[in-house]
Number of protein chains: 2
Amino acid sequence: MDATETRPLTPAGRRIAAAAEELFYERGITGVGVDLIAEHSGVTKRTLYNQFGSKDHLVAVYLAERDRRWRSLVQTTVDARATPRDAVLAPFEALATWSETHTRGCAFINALAELPDPSHPAHRIATAQKLWLLDLFETLAAAANCPAPTPLARQLLLLHEGTLATQPLPLDTLTEATNLARTLIASATTQ
Amino acid sequence: MDATETRPLTPAGRRIAAAAEELFYERGITGVGVDLIAEHSGVTKRTLYNQFGSKDHLVAVYLAERDRRWRSLVQTTVDARATPRDAVLAPFEALATWSETHTRGCAFINALAELPDPSHPAHRIATAQKLWLLDLFETLAAAANCPAPTPLARQLLLLHEGTLATQPLPLDTLTEATNLARTLIASATTQ
DNA sequence: GGGGAAGTTCACCGATCAGTATACCTGCGA
DNA sequence: TCGCAGGTATACTGATCGGTGAACTTCCCC
């Protein structure tokens with residue numbers, strides 16, 4: 001049913017997925033053909049289709065894998081914080097780490113820009129990713145004794161997505177966002 | 001020198017530009033071929049190339065025209081505000097109007113996602129558009145007697161871009177962003 | 001030693017891509 | 001009346017697109 005859970009992948013399948021992840025992110029999904037992915041992973045196009053069936057499925061796998069990695073990084077960062085209040089800010093610290101190696105913005109926003117068809121699996125994955133982060137913010141805020149976690153979570157998500165969207169600009173928006181997030185968290189969790 | 005100022009356009013040229021604007025925004029730039037644009041504007045492909053020379057140039061015209069319209073709407077909204085402090089919030093009200101008819105996110109962010117080549121004219125136009133808004137926020141903040149207009153402007157830009165980026169989500173992020181923006185403006189322009 | 005899964009090789013499909021060539025038509029202003 | 005700009009019609013290029021068919025090898029496990 002779910003097109004993204006038919007693993008485990010074969011060795012060739014893993015190389016294909018790795019090449020697809022880099023190429024799709026760096027050059028855009030519609031800008032990268034299956035022939036290029038096959039070539040970059042040292043594999044025949046036939047093997048690619050034996051493993052993934054279609055380009056759309058490969059795109060779904062690319063986004064799902066990226067989602068998995070991002071959530072893992074965030075969760076690790078959250079778990080490393082000493083106090084609940086520090087934990088609310090953790091996703092912004094994770095974003096700092098993430099942005100060092102991912103400078104082409106948010107892969108999910110980019111995917112939605114390229115694939116207008118709402119029935120494409122990319123839409124479901126991208127929406128789920130954002131809502132997961134929103135929910136995490138809310139949970140963390142509640143754990144930090146914030147009396148109104150919902151609006152705070154939405155504000156933090158806005159800052160988070162705004163940071164990613166302004167990445168191409170010659171401004172250090174991440175620092176600005178983190179500072180403002182800290183202030184918002186502090187004033188929303190008065191105790 | 002500038003590929004976007006060789007107007008005025010002929011009647012056919014205007015129809016082409018109008019069709020390109022709608023199709024590029026709704027279906028993505030790489031997802032729309034020149035044949036489709038020619039067909040939608042009731043024009044021959046030859047005429048399209050006589051008027052615009054290349055698809056890349058047509059893309060640049062599309063973005064430049066969109067930029068022009070957005071700035072015009074924002075400026076009109078700003079001018080209609082009674083007090084300088086209200087004026088700082090005006091771009092968010094303009095965004096509310098704009099979003100009624102443009103539901104596929106920010107055309108400039110989308111264009112950057114689809115066109116990874118930094119030398120493509122789209123990058124210059126998109127960057128200029130964001131920096132223009134940042135500068136406008138700063139100018140408006142200064143006019144509202146904000147002692148530190150630069151950080152406030154960056155915060156407002158973050159909220160603005162975050163709103164656009166979260167547009168596909170089933171949340172009313174615009175209201176949240178506007179409320180927070182109002183609070184930030186109020187507390188940054190104490191007098 | 002037999003069988004099946006993984007992968008290769010290579011040729012092929014129809015469609016679409018951006019862009020061009022050539023010849024023709026039409027209306028308007030000098 | 002001439003010329004020219006704007007536009008049409010149609011056909012074409014070479015490249016690339018996503019995807020398939022069929023036969024072959026290689027290796028591991030029963």
Side-chain angles (χ1 to χ4, degrees), chain A residues 3-4 6-63 111 113-117 119-122, chain B residues 3-4 6-63 111 113-117 119-122:
Chain A
T4 65
T6 48
R7 330 265 199 94
L9 291 175
T10 64
R14 266 168 301 200
R15 270 184 292 141
I16 294 167
E21 240 191 288
E22 174 171 353
L23 289 171
F24 280 154
Y25 182 68
E26 293 298 331
R27 310 194 195 179
I29 293 171
T30 52
V32 169
V34 286
D35 298 82
L36 186 66
I37 295 172
E39 185 191 328
H40 268 243
S41 45
V43 143
T44 320
K45 195 160 58 155
R46 200 73 190 94
T47 301
L48 189 152
Y49 275 93
N50 282 342
Q51 288 290 321
F52 297 97
S54 71
K55 184 183 178 181
D56 279 347
H57 185 194
L58 185 54
V59 169
V61 170
Y62 150 61
L63 291 175
E114 293 195 71
L115 310 168
D117 177 10
S119 68
H120 194 287
Chain B
T4 64
T6 49
R7 328 262 200 96
L9 292 175
T10 63
R14 266 168 301 198
R15 268 185 292 142
I16 294 168
E21 241 191 287
E22 174 172 351
L23 289 171
F24 280 153
Y25 182 67
E26 293 298 332
R27 309 194 195 180
I29 293 172
T30 53
V32 169
V34 286
D35 299 81
L36 186 66
I37 295 171
E39 184 192 328
H40 268 243
S41 43
V43 142
T44 319
K45 196 157 58 155
R46 186 79 252 194
T47 301
L48 188 153
Y49 275 93
N50 283 343
Q51 288 290 320
F52 297 97
S54 72
K55 184 184 178 180
D56 278 347
H57 185 193
L58 184 54
V59 168
V61 170
Y62 150 60
L63 291 174
E114 293 195 72
L115 310 168
D117 178 9
S119 68
H120 194 287

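Computation of the quantities below employed the complete heavy-atom set of this structure, encompassing side-chain atoms and omitting hydrogens, waters and symmetry-equivalent molecules. Every chain is numbered from 1 and lettered A, B, ... according to where its sequence line falls, protein lines coming before strand lines. Nothing here was measured: the structure is a model prediction, and the numbers come from that model.
- Using a 3.5 Å distance cut-off with no hydrogens or angles, the side chains of A/Asp117 and A/Ser119 do pair a donor with an acceptor.
- Between A/Gly53 and A/Gly31, the residue anchored closer to the 5' end of DNA chain D is A/Gly31, taking for each the nucleotide with the nearest heavy atom.
- Rounded to an integer number of Å, the gap from A/Asp56 CG to D/dG18 P is 10 Å.
- One N or O donor and one acceptor, one from the side chain of A/Lys45 and one from the base of D/dG19, sit under 3.5 Å apart.
- The distance between atom CG of A/Leu9 and atom P of C/dA6, rounded to the nearest whole Å, is 11 Å.
- The interatomic distance linking B/Glu39 (CD) with D/dA9 (C1') rounds to 15 Å, in whole Å.
- Look at CD on A/Gln51: it is 16 Å from P on D/dG19, rounded to the nearest Å.
- Using a 4.0 Å heavy-atom criterion, one finds that A/Thr44 contacts the bases of the nucleic acid, with or without backbone contacts as well.
- With hydrogens and angles left out, the side chain of B/Arg46 and the base of D/dG7 share no donor-acceptor pair within 3.5 Å.
- Whole-Å rounding puts the B/Lys55 NZ to C/dC17 P distance at 8 Å.
- Distances were taken from every side-chain heavy atom of B/Tyr49 (C-beta onward) to each of C/dT20, D/dG7, C/dT8; the shortest belongs to C/dT20.
- Take the nearest nucleotide of DNA chain D for A/Gly33 and for B/Arg15: the residue whose nucleotide is more 5' is B/Arg15.
- The distance between atom CZ of B/Phe52 and atom P of D/dG6, rounded to the nearest whole Å, is 13 Å.
- If you check every strand for non-hydrogen atoms under 4.0 Å, A/Gly42 touches sugar and phosphate atoms only.
- Distance A/Asn50 CG to D/dG19 P: 13 Å, rounded to the nearest Å.
- Nucleic acid contact class of B/Thr47 (heavy atoms, under 4.0 Å, all strands): base.
- Checked by atom type and distance alone, the side chain of B/Lys45 never pairs as donor or acceptor with a backbone atom of B/Glu39 at under 3.5 Å.
- With C/dG19, D/dT20, D/dC17 as the candidates, the nucleotide lying closest to the side chain of A/Asp35 is D/dC17.
- Checked against A/Tyr62 for a ring pair (Phe, Tyr, Trp, His ring centres under 6.0 Å), the options A/Phe52, A/Phe24, A/Tyr25 give a single hit: A/Phe24.
- Side-chain atoms of A/Thr47 never come within 3.5 Å of backbone atoms of A/Val43 as a donor-acceptor pair (strictly under, hydrogens ignored).
- Phosphate proximity of C/dG7 to A/Thr10: present, with a side-chain N or O under 4.0 Å from OP1 or OP2.
- At least one donor-acceptor pair under 3.5 Å links the side chain of B/Glu114 to the backbone N or O of B/Thr30.
- Separating the CG atom of A/Leu48 from the C1' atom of C/dT9 is a distance of 16 Å, rounded to the nearest angstrom.
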